[in-house]
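Just below is one structure, and these are the notes that go with it.
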Number of protein chains: 2
Amino acid sequence: MVQYYPAHFDASFGALSDATRRGVLEQLGRADASITALAERFQMTLTGMKKHVGVLEQAGLVSTEKVGRVRTCRLGLRGLEEEAAWIEGYRQLWAARFDQLDLVVEELKQREKANGRKKRK
Amino acid sequence: MVQYYPAHFDASFGALSDATRRGVLEQLGRADASITALAERFQMTLTGMKKHVGVLEQAGLVSTEKVGRVRTCRLGLRGLEEEAAWIEGYRQLWAARFDQLDLVVEELKQREKANGRKKRK
DNA sequence: TGTATACTGAACCACATGGTTCAGTATTAT
DNA sequence: ATAATACTGAACCATGTGGTTCAGTATACA
C-alpha cells in the first residue's frame with residue numbers, strides 16, 4: 001500500500017514544484033555549477049538563485065561546497081528514489097481504481113442486456 | 001533529455017508537497033469520498049478540506065461532482081504519468097552523474113598508482 | 001595596495017498557503 | 001413546515017514563497 005508519511009516528501013515535492021528549480025537540477029545533472037553561473041543561466045539575481053539552491057539543499061537534492069570565493073553546487077546524494085516509488089505506488093492504485101470502474105461499467109452492460117432480454121420476452 | 005517546461009508540473013508537484021493531500025489521493029484510491037468524509041478522516045474543517053480538494057482538482061489529480069447536497073470526490077483522469085517520467089529521467093541523469101564521478105575517482109586511483117610507481121622508481 | 005569578483009544577509013514586497021470562523025444556501029428527512 | 005445535513009464563500013490570520021535591492025565581507029588579481 002502507498003504510504004504518505006515520509007516527512008521529507010513535503011520538502012522534495014515542494015522543491016520540484018518550481019520550474020527554475022527543476023531546471024537547476026537538470027543543469028547540475030550535466031555539470032556542477034557556481035551560484036553565479038546558475039543565476040546567469042536562469043536570468044536571476046545571485047540572491048534569488050541562492051534561495052532556490054537553498055531550497056534544493058534543504059530537500060537533500062543538491063549539495064554545495066564553498067572553495068575560495070565560489071560556491072560550487074552539485075547533485076546531492078538523494079536521487080528521488082522514494083518519491084519515484086511513491087508515485088509508482090499511486091499509479092498502481094490509480095490504474096486499479098479505473099479497472100474497477102471498467103468492471104462496474106461491464107456489469108451495467110450485462111445487466112442492461114439481461115433487462116433487454118426480459119423486456120423482449 | 002529531461003525537460004522541465006510542462007506548466008502543470010508546478011501544480012501537480014505542488015499538490016503532492018502536502019501530506020494531507022497525498023493522504024487524500026491514497027484515500028480516493030481506495031474509494032470515492034465526500035468532502036465531509038475526507039474532512040473527518042483528516043481532522044479538518046469542511047472548508048479546509050474543500051481547499052485541499054480544490055488544489056488537487058486544479059492539478060487535474062481529482063475530479064468532483066455534486067449530486068444533491070453532497071459533492072463526491074474521485075481520482076481524476078490524470079495519473080501522474082508525466083511526473084513519473086520526469087523523475088525517471090532525472091534519476092538516470094543522477095545515476096549517470098555518479099557513474100561519471102566513479103570514473104573520475106577510478107582515474108585518480110590509476111594516476112596515484114602511476115605516481116606511486118614513478119616515485120618508487 | 002587597490003580593485004574587481006563572488007557570494008551573503010537583512011529588509012522589503014506582493015501574493016500564495018494552510019488553516020480557521022462565521023454566516024449563509026440548498027437538500028433531505030421528519 | 002421544520003430541522004438537520006452538506007456544502008459554500010468571504011474574511012481573517014500567521015507564515016512561506018519568489019523575487020528584488022542594498023550594503024556588506026571575503027577572496028583573487030594586478
Side-chain angles (χ1 to χ4, degrees), chain A residues 4-28 31-74 76, chain B residues 4-28 31-74 76:
Chain A
Y4 63 91
Y5 50 73
H8 59 264
F9 276 15
D10 284 28
S12 44
F13 283 128
L16 293 181
S17 74
D18 180 275
T20 299
R21 285 191 295 261
R22 290 193 301 276
V24 167
L25 285 182
E26 297 180 9
Q27 190 60 37
L28 296 182
D32 298 350
S34 67
I35 302 278
T36 299
L38 291 173
E40 268 170 18
R41 181 88 195 331
F42 294 94
Q43 304 201 87
M44 190 173 299
T45 57
L46 278 185
T47 313
M49 180 50 72
K50 213 214 160 198
K51 281 192 184 182
H52 280 304
V53 169
V55 171
L56 289 165
E57 215 172 350
Q58 280 296 100
L61 302 177
V62 158
S63 79
T64 72
E65 189 196 3
K66 191 162 182 175
V67 173
R69 56 186 172 177
V70 20
R71 177 175 298 276
T72 299
C73 312
R74 54 179 58 85
Chain B
Y4 63 94
Y5 50 73
H8 59 265
F9 276 14
D10 284 27
S12 44
F13 284 128
L16 293 181
S17 73
D18 180 275
T20 299
R21 285 192 295 260
R22 289 193 301 274
V24 167
L25 285 181
E26 297 180 9
Q27 190 60 36
L28 296 182
D32 297 351
S34 67
I35 302 279
T36 299
L38 291 174
E40 270 170 16
R41 182 88 194 336
F42 295 92
Q43 304 200 89
M44 189 174 296
T45 57
L46 279 184
T47 314
M49 181 49 73
K50 214 212 160 201
K51 281 193 184 182
H52 280 303
V53 169
V55 171
L56 289 165
E57 216 172 349
Q58 280 296 101
L61 302 177
V62 159
S63 78
T64 72
E65 188 196 6
K66 191 161 183 178
V67 174
R69 57 185 170 178
V70 19
R71 175 173 300 275
T72 299
C73 311
R74 54 178 59 83

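Residue numbering restarts at 1 for every chain, and letters A, B, ... go by the order of the sequence lines.
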| query | Picking from D/dG18, C/dT8, C/dG18, which would you name as closest to the side chain of A/T47? | reply | C/dT8
| query | To the nearest Å, how far apart are B/L38 CG and C/dG19 C1'? | reply | 17 Å
| Rounded to the nearest Å, what distance is computed from the NZ atom of residue A/K51 to the C1' atom of nucleotide C/dC13? | 10 Å
| message | Please determine whether a side-chain nitrogen or oxygen atom of B/R69 lies at a distance below 4.0 Å from atom OP1 or OP2 of C/dT25. | response | no
| query | Within less than 4.0 Å of OP1 or OP2 of C/dT8, is there a side-chain N or O belonging to A/K50? | reply | yes
| remark: Residues at least two apart in sequence or cross-chain that pass side chain to side chain donor-acceptor pair (under 3.5 Å) with B/T64, listed by chain then number, are B/E57, B/R71
| task | Select one nucleotide: of D/dT20, C/dG19, C/dT8, the one nearest the side-chain heavy atoms of B/T20. | result | C/dG19
| Just checking A/G68: base, sugar-phosphate only, or nothing, at a heavy-atom cut-off of under 4.0 Å? | sugar-phosphate
| field | B/K66 side-chain N/O to D/dT8 phosphate OP1/OP2 under 4.0 Å | value | yes
| said: Side-chain N or O of A/H52 versus OP1/OP2 of D/dG19: is the shortest distance under 4.0 Å? | reply: yes
| said: In this structure, how many angstroms lie between the C1' atom of C/dA16 and the CZ atom of B/F13, rounded? | reply: 20 Å
| Nearest-Å distance, CG (A/D10) to C1' (D/dG16)? | 13 Å
| message | If you compare all heavy atoms of B/C73 against all heavy atoms of B/I35, which two are closest, and at what distance to 0.1 Å? | response | SG-CD1, 3.9 Å
| field | A/R21 side-chain N/O to A/L16 backbone N/O, donor-acceptor pair under 3.5 Å | value | no
| task | Work out which heavy atom in A/A11 is nearest to a heavy atom in A/A59; give both atom names and the distance. | result | O-CB, 3.7 Å
| Taking the nucleotide of DNA chain D with the closest heavy atom to each, which residue, A/V55 or B/V70, is nearer the 5' end? | B/V70
| field | Rounded distance in Å - CE (A/M44) to P (D/dG18) | value | 10 Å
| Between C/dG19 atom C1' and B/R21 atom CZ, what is the distance in whole Å? | 12 Å
| Spacing of A/L46 atom CG relative to C/dA10 atom C1', expressed in whole Å | 16 Å
| query | Between CG of B/L61 and CZ of B/R22, what distance do you get to the nearest 0.5 Å? | reply | 12.5 Å
| query | Taking atom P of D/dG9 as reference, at what distance in whole Å does atom CD1 of B/I35 sit? | reply | 11 Å
